[in-house]
Amino acid sequence: MTTERYNPRLTEQNWQKAWDDKSLFVTPSSPTDQRPKFYVLEMFPYPSGRIHMGHVRNYAMGDVLARYKRACGFNVLHPMGWDAFGMPAENAAIQNNAHPKDWTYKNIATMREQLKSMGLSLDWSREFATCDPQYYRHQQSLFLDFLEHDLVYRKNAKVNWDPVDQTVLANEQVIDGRGWRSGALVEQKELTQWFFKISDAAEDLLTSLDDLERWPQKVRTMQRNWIGKSVGAKIRFSLAPNQLTDTKTLEVFTTRPDTIFGASFMAIASDHPLSSTLEKNIPELAEFNKQCRQTGTSAIAIETIDKKGYDTGLKVRHPFIEDKLLPVYVANFILMDYGTGAVFGCPAHDQRDLDFARAYKLEVTTVVAPQDGETKIADIAYVGDGHMINSDFLDGMSKDKAIETVISRLAKTQLDGAPQAVKETNYKLRDWGLSRQRYWGCPIPVVHCDSCGIVPEAKESLPIELPYDVDLDAPGSPLARHPTWKNTDCPQCGKPATRETDTMDTFVDSSWYFTRFASPHYEQPVDRQQVDYWLPVDQYIGGIEHAILHLLYSRYFTRAMKITGHVGIKEPFNGLFTQGMVTHETYRAKDGSWLQPSQLRIEEINEKRHAYNLETGEEVTIGPIEKMSKSKRNIVDPDEIIANYGADTARWFMLSDSPPERDVIWTEAGVEGAWRFVQRIWRVVNKVSEFESSSKSNSIQLTRSAHQALDNVGKMISSLRFNNAVAQIYTLLNDIEKSANSAKPQDYSAIIDATNIIIQLFAPMMPHLAEECWSRMGNDGLVSQAPWPQADSALLVVTTITMPIQINGKRRAQLEINPDMPEDEIISAVMQLDVLKKALDGQEPKRIIVVPKRIVNIVI
RNA sequence: GCGGGCAUGGCGGAAUUGGUAGACGCAAGGGACUUAAAAUCCCUCGAUCCUAGAUCGUCCGGGUUCAAGUCCCGGUGCCCGCACCA
């Protein structure tokens, strides 16, 4: 018997068409279904041009779950869309002279075809892009609702400003403090911008994390730290009389009021009101503040700079030590956004304060004595607990007691007619700035009127559509520069007015798209009936890089939509899974340029791998394994893999071996291995398909294996342990193959049954191959529509187990026993073992530990 | 700088959550089939001790325990995020 090789090129498109013809994956819009619902969603892609292997991995995982849940009888929603606004479209427009809109939709068309070639069970009838006016008009409508409910407001905030290009720069456009295109030194500039009041929800966003049980622990921890709750006090210090300012007091926030006796200086942010006042009369301070403004706005820029300060000459009085004055510095590491923008510096017990004190030769007084009694501070601040010293009335107290005491003492003291200290809770979480001075985003639907001020657009006027004719390759914001677009009439008084020319952060687009999928064509933002049925998302899958921003913003936005009556829930994602990245070796030529894997020939010489440029023959250096990226060119194009091996092979490889939350290394050998497995299944299925079914079966062992695998694979897919599921399927195929090679006619039935089971087991992962095998086995219908088989619980009962026997913790023997054998019987069986008798040498064992169904350990 | 994570054979990883470390796969070596190649099939495969059997072995150093890859303390290395990249 000869079998032709399995050819995915001939089969995959046919099966995709068969699914399409039956609209198998289109989820009907009416939520009257009796089946339980399951909403599985992968983070939608940015249409950057072509799909990459990261997408293949992400969508393969989601598809396995969607197909499995469907087979298990769930009403599954599995939609797809496009996160289509963003900077790359504008960059491409400038570089390639293409319009962002045309560029984006062209990419979507390409990527849609690529995704379709993967055979994903997606409901394409619900597809949308966030740059569709029909999507963003609803986003504008939501914004107006938020505005009405006081969830959005305007305030000044700093942006990176390129003084040459006259434009706002994203953090990633700032390279070493300079604009990426102009090379000009970047400055900080204040602009009036729109903010969501996410900080109002800080406490709720924090406490609700405890209930998100199906989220990875690490994501919850990261969000917890990001929200950054800290309990402390606001303390006001009185300024000593001076010629520089009329200000009488300086207010700080601190979590360590206990260390007040160790205070040796005050530090305020360069943009603190006091600093801004002082700089008018002190040119050196003005210069210092200017330098601070050149640091850039990103946290990493601020945190990694050398700590510098400017002594203002001002002093504050210590609240407890008479005549003690503390100098007031302006310091570049104090953030105006957090607390009050001012701190008291206690060098002995805060590392940053210590670094600062050493640089400016300020005193260091230890006030908390560590447990080990060492109170001298060198280069490391002591931040732990201990008892108070050098602290007058606090001496001997614990840290917590000292905090209480300081706050209550100062609360009783009046300064300028108010208590000198109040307890306060602070959050690191800042309000979410959504204004972007860019073209390719959702316009913010408000109007600036000279008479009426800020006026919301009327909902009937939505969408406020982006103009097509813009000039992107000139300084400034494209919408502000457009000759006519911003001109309109005030919706309130009818007089000429101007539109807001800022657009929304793309994170707004992605903060509710999952809600829109429930009713993607509805004339309002959401159809409550549909949303109440489908949400929350049961399983959300995406990259760990979104652990904080996207996921936190979405949690907030859902709360805001609840407040405005659009949804009834506050948590959008019941289950979250963060998958690892796809990585590959890097290749670099002598001239420093990067090469793609497809441009190379790899040879192994003396067990060492060498890479050669296919065109020039020149040897290139094999570099470290890194995330696939355009810049390093270590990219394997999914299209090529699908063309050569088929979608099933690509999907199988992405799911096997590496645990899904960890990075996977793309290797040629790995793909080849997956490809061979596909062929091996095909051979086995062809062989088994020629067996005549018989009524009687003796092959109980194989049937047992099949049902065990069935039970395990189901559990593993449910918990997204795809690599374990793959290993189970390999094991079962080994068993089937062995049985098939030595099969007697009375075994045929069992082998056929096991083969049908394995086809169903890998169907969610390799759906095309599964259909082909299913039909080859003579089954009716599509395997994509077949219900998931039930494991026979009688076959799952284990009748004998191998019990390892340890002597002093080292394995010395084993016993084949019934798992339910009572403990005393196990012990007497063990005592008969020769190895043990020999080891005991007539003595009694000191201790015998029997762990049921696991292990026996004899301590001698 | 701050926050989070990871580390097991030549490689990807498994280990029922404290109970036989290395399942399953890849690579490699040997053999079979073939005129030959590909494909396929069979065997070996953590290290050391010539063999047996044993000893060692989960990044490094300590600890808890009858028992540690798993728990605790202290290190090292690598990766991710840091609010205008998506």
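Sequence lines set the chain letters: A, B, ... in the order given, protein chains first and strands last, and positions in each chain run from 1. No hydrogens, no waters, no symmetry mates; every other heavy atom, side chains included, goes into these values.
- Crowding of A:N156 atom CG: a count of heavy atoms from other residues, nucleotides or ligands under 6.0 Å exceeding 12.
- Under a 4.0 Å N-O distance rule, the pair A:K715/A:D711 qualifies as a salt bridge.
- Nearest to the side chain of A:N225, among B:U17, B:A14, B:G3, sits B:G3.
- Residue A:G670 is the one, among A:E737 and A:G670, whose nearest nucleotide of RNA chain B lies closer to the 5' end (criterion: closest heavy atom).
- B:U17 shows a glycosidic angle within 90° of 0 and is accordingly assigned syn.
- Taking the six-membered ring where tryptophan is involved, the planes of A:H546 and A:H550 are perpendicular, since the angle between them exceeds 60° and thus also 30°.
- Comparing B:G9 with B:G57, their P atoms sit 14 Å apart, to the nearest whole Å.
- For the P atom pair drawn from B:G13 and B:G31, the interatomic distance equals 33 Å after rounding to whole Å.
- When the options A:R436, A:Q193, A:Q188 are evaluated for a side-chain contact (heavy atoms from CB on, under 4.5 Å) with A:V159, the one that passes is A:Q193.
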Look for any protein N or O under 3.5 Å of an N or O in nucleotides 23-25 of chain B and output each such pair with its distance, or none.
{"unit_1": "B:G25", "atom_1": "OP1", "unit_2": "A:N734", "atom_2": "ND2", "d": "3.2"}

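- The distance from atom CZ of A:F677 to atom C1' of B:C26 is 14 Å, rounded to the nearest whole Å.
- To the nearest angstrom, P of B:G12 lies 15 Å from CD of A:E661.
- Distance noted for atom C1' between B:G3 and B:U58: 28 Å (whole Å).
- Proximity of A:R662 to the phosphate of B:A7: a side-chain N or O atom is located under 4.0 Å from OP1 or OP2.
- In this structure, B:G9 is classed as syn because its glycosidic torsion stays within 90° of zero.
- Across all strands shown, A:A547 has no heavy atoms under 4.0 Å from either base or sugar-phosphate atoms.
- Residue A:Q806 is classed as a base contact, given a heavy-atom separation below 4.0 Å to a base.
- Relative to the ring axis of A:W215, A:R220 does not place its NZ or CZ within 45° and under 6.0 Å from the centre.
- Distance CZ (A:R854) to C1' (B:U20): 12 Å, rounded to an integer number of Å.
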Exercise. Which parts of nucleotides 73-86 of chain B does protein reach within less than 4.0 Å, heavy atoms only, written one letter per nucleotide 5' to 3' as B for base, S for sugar-phosphate only and - for none?
Worked result: ---------BBBSB
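- Counting non-hydrogen atoms under 4.0 angstrom, A:K846 reaches nothing in the nucleic acid.
- Among the atoms of the strands shown, base atoms are found under 4.0 Å from some heavy atom of A:T304.
- Taking the side chain as every heavy atom from C-beta outward, A:D355 and A:F333 never approach each other to under 4.5 Å.
- At the phosphate of B:U55, neither OP1 nor OP2 sits under 4.0 Å from any side-chain N or O atom of A:R811.
- Annotated stems with RNA chain B as a participant read B:1-7 with B:76-82, B:10-12 with B:24-26, B:28-32 with B:40-44, B:46-49 with B:53-56, B:59-63 with B:71-75, given as range with range, by first number; only runs of 3 or more Watson-Crick or G-U pairs under 3.5 Å qualify.
- Candidate nucleotides B:C26, B:C66, B:A15 were compared by shortest atom distance to the side chain of A:A669, and B:C26 ranks first.
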For this session: Just do the ring pair (Phe, Tyr, Trp, His ring centres under 6.0 Å) check on A:F44 and A:Y513 with the steps written out, would you?
Result: CA-CA 9 Å; A:F44 66 163; A:Y513 76 104; 3.6 Å; yes
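- Between A:F195 and A:D431 the shortest heavy-atom distance is CD2-O, 3.7 Å.
- Within the nucleic acid shown, A:R812 comes within 4.0 Å of sugar-phosphate atoms alone, with no base atom in reach, counting heavy atoms only.
- If you take CD1 of A:I334 and P of B:C2, they are 15 Å apart, rounded to a whole angstrom.
- Look at CD1 on A:I858: it is 10 Å from C1' on B:C66, rounded to the nearest Å.
- A:P443 places a side-chain heavy atom less than 4.5 Å from the side chain of A:Y136.
- Atom-to-atom, NZ of A:K687 to P of B:C41 comes out at 11 Å; the value is rounded to the nearest Å.
- Using a cut-off of 4.0 Å between Lys/Arg side-chain N and Asp/Glu carboxylate O, A:K687 and A:E737 are scored as not salt-bridged.
- Comparing the C1' positions of B:C71 and B:U64 gives an interatomic distance of 8 Å, to the nearest angstrom.
- Between A:F557 and A:F196, the ring planes lie perpendicular to each other; the angle is over 60°, past the 30° to 60° tilted range.
- Closest approach of A:V856 and A:M803 over heavy atoms only: CG2-CG, 4.0 Å.
- To the nearest whole angstrom, the two C1' atoms, one in B:C84 and one in B:C79, are 25 Å apart.
- Remark: the separation of the C1' atoms in B:G22 and B:U70 is 15 Å, to the nearest Å.
- B:C26 and B:U16: their P atoms are spaced 24 Å apart (whole Å).
- Ring geometry, A:Y135 versus A:W512: the interplanar angle falls under 30°, so the pair is classed parallel (tilted spans 30 to 60°).
- Atom P of nucleotide B:U16 and atom NZ of A:K715 are separated by 14 Å, given to the nearest angstrom.
- Remark: A:K738 is not in phosphate contact with B:C41, judged by side-chain N or O atoms under 4.0 Å from OP1 or OP2.
- Side chain of A:N160 to backbone of A:T297: a donor-acceptor contact under 3.5 angstrom is found.
- Comparing the C1' positions of B:G69 and B:C6 gives a spacing of 14 Å, expressed to the nearest Å.
- The CD atom of A:Q223 sits 14 Å away from the P atom of B:G4 (whole-angstrom rounding).
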